[in-house]
Enquirer: 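Provided herewith is a single structure, encoded as structure tokens, for subsequent inquiry.
Below, chain A is the first sequence line, B the second, and so on; all start at residue 1.
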Protein chains: 2
Amino acid sequence: MQQGPQNGSTEIGRLRPFLANLASHVHLGEADLRGIAQLVTECRKVPQRTELVQGKQQSGEVQVILSGFACRIKTLHDRRQITSYLIPGDICDHRYLADRAPDQSVCAISAVEVAHIPVEALTDLCERQPRIMRALLRVSAIDSAIAAEWMVNLGLRTAQQRVAQLFCELYARLRVVQLAGSQAFDLPLTQAELGEALGLSTVHVNRTLQDLRRREVLTFRSGRAILHDRQKLAEIAAFDSHYLGLSDPTPNEAA
Amino acid sequence: MQQGPQNGSTEIGRLRPFLANLASHVHLGEADLRGIAQLVTECRKVPQRTELVQGKQQSGEVQVILSGFACRIKTLHDRRQITSYLIPGDICDHRYLADRAPDQSVCAISAVEVAHIPVEALTDLCERQPRIMRALLRVSAIDSAIAAEWMVNLGLRTAQQRVAQLFCELYARLRVVQLAGSQAFDLPLTQAELGEALGLSTVHVNRTLQDLRRREVLTFRSGRAILHDRQKLAEIAAFDSHYLGLSDPTPNEAA
DNA sequence: CGTTGTTTTGAGATGAGTCAAGAACTGTGG
DNA sequence: CCACAGTTCTTGACTCATCTCAAAACAACG
């Protein structure tokens, strides 16, 4: 299950979502991609419900989701708040940038493949390739922007709107890594897990989903989401994708 | 009102809160401080309720709060969500690190003094002084950690707990910049503004504050907060200051 | 086919919101 | 120093979105 560094191209294959994510913000050349791929020291599969990162525990490695879904979690008493969903291509914890221990734990929702990259090696690479540093900073900035949007969700939106906005967001993010079709995508979450992210009880998530289904806007069933009417969904959510920074990457600089 | 670069020491005086903030995470020497101070191109006072930063508008400058209070805001329809409070020493928007336009606007709550620092000059300085870069990244990481904690607030805590946690947080943060006494601090917010941050209606904030006052835990009145019983307040909030990263800075490296 | 986890339903409870109006401040100008 | 206008804070009464509890209906799976 553990594997040493491979020849670049194999790793590039596995890392595709991550590289796509980075490249969607800053144009990266073949050399950059290979450079990143070569830093991967380990690639492991973890079963669902496993803790990938323990809060308050520094590790010297960055973990990147290659496949499957995970989430960041904060716990209060015995209740959990999901502070973000991690999809393929996402970095588990951005605090490595500041050389700090994570303040949240990360938990696999489905079975997940993660790549490990030593922080030090990554930092070195960044020094040599500022483009890569920029890409990492942008990814991190977007992470913050998503957090802000989630605060709006929790603070201002109704249950309907929260669900709608979350599905809009996930659709947009999954498209970047080619994991969403034109109107559907896989999303291996339970309604309980949706509730933990949206600040709603499971029961209420259920009722809200039923309603959206009845209105033929969104169907979410057995791990698959179908957006029957994206227009309408975005309207309900008052969704403005701007915060996801999905505009075109800064113009090409080199190949 | 606008001022060119001054000799270092004057600027260091004004910038004290910012420098204290940075230095609380990474030890910085005199030279570092002076270096930062010299980058300030402008120092302006703005009246309360002024917009300091416009969302979606890139400016090439970082703004730092020197005195007074401000907040970041996201708007939905015509309702506002305050996504963070900015106190002296805080950076208005961290997206400069990623060369991106801010995605939130920043608004002065009280009259505020802000320093402007050109991003480019700052970036240059960071390249020469990695310690400074590290400090900036940590400050930004803490900003994210605060955001996560606010999500817990909005998603999991009751009105009581939200208010309690917010006051605990502000107390801790204000202490860093020497703006909180042992059990009281100035906080020029209205109850409505508290509500916009906490996801509560003004009326409910009012009732909650009254309750905390009656129980002799916290008094918040005419812009001043008195924490009669910090212990109790922290208990109510289930406050764990860990996320603020207030531990001692990494050990001294140079002067 | 029993076990376990997830989704649905129903019914009743409640925290927080809304609306509306009055009281208490704050600052301003005469 | 007072009167006035504009906020901000309080209160009361009523509504409502969402929660809790509890049990039933489904699914998935070895």
Enquirer: 5'-most contact on DNA chain D: A:Ser222 or A:Ser201, nearest heavy atom basis?
Expert: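 The 5'-side residue here is A:Ser201.
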Enquirer: Give the rounded distance in Å between these two atoms: CZ of A:Arg214 and C1' of C:dT9.
Expert: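 In whole Å, C:dT9 C1' lies 12 Å from A:Arg214 CZ.
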Enquirer: Would you indicate which nucleotide in D:dT10, D:dC9, C:dG10 comes nearest to any side-chain atom of B:Thr190?
Expert: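 Nearest to the side chain of B:Thr190 among the choices is D:dC9.
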Enquirer: When you measure only distances, ignoring hydrogens and angles, does the side chain of B:Arg207 come within 3.5 Å of the base of C:dG15 through a donor and an acceptor?
Expert: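 Counting by modelled atom types and ignoring angles, no donor-acceptor contact under 3.5 Å is found here.
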Enquirer: If you look at every strand shown and take non-hydrogen atoms under 4.0 Å, does B:Arg49 touch a base, only sugar-phosphate, or nothing?
Expert: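 It contacts sugar-phosphate atoms only.
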Enquirer: Between B:Glu196 and B:Arg80, what is the shortest heavy-atom contact and its length?
Expert: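 It is OE1-NH2, 2.8 Å.
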Enquirer: Look at all strands and tell whether B:Gly199 reaches a base, only sugar-phosphate, or nothing, counting heavy atoms closer than 4.0 Å.
Expert: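 Counting heavy atoms under 4.0 Å across all strands, the contact made by B:Gly199 is with sugar-phosphate only.
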Enquirer: Can we call the ring centroids of B:Tyr85 and B:Phe69 under 6.0 Å apart?
Expert: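 Distance test on ring centres: not under 6.0 Å, no.
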Enquirer: Closest approach to the side chain of A:Val203, judged atom by atom: which nucleotide of C:dG17, D:dT10, D:dT20 is it?
Expert: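 It is D:dT20.
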Enquirer: Tell me whether the side-chain N/O atoms of A:Asn206 come closer than 4.0 Å to OP1 or OP2 in C:dT8.
Expert: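 Answer yes for this pair, as a side-chain N or O of A:Asn206 is under 4.0 Å from OP1 or OP2.
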Enquirer: Between C:dG10, D:dT18, C:dT7, which nucleotide gets closest to the side-chain atoms of A:Gln191?
Expert: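 The closest nucleotide is C:dT7.
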Enquirer: Please state how far atom CG in B:Leu200 lies from atom P in C:dT18, giving the value in whole angstrom units.
Expert: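 So the CG-P distance, B:Leu200 to C:dT18, works out to 11 Å.
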Enquirer: Where the side chain of A:Gln210 is defined as all heavy atoms beyond and including C-beta, which of C:dG17, C:dT9, D:dT20 is the nearest nucleotide?
Expert: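 Closest of the options to the side chain of A:Gln210: C:dT9.
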Enquirer: Please say whether the positively charged group of A:Lys74, taken as NZ for Lys or CZ for Arg, lies over the ring of B:Tyr243, i.e. under 6.0 angstrom from the six-membered ring centre and within 45 degrees of the axis.
Expert: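 The answer is yes; both the distance and angle limits are met.
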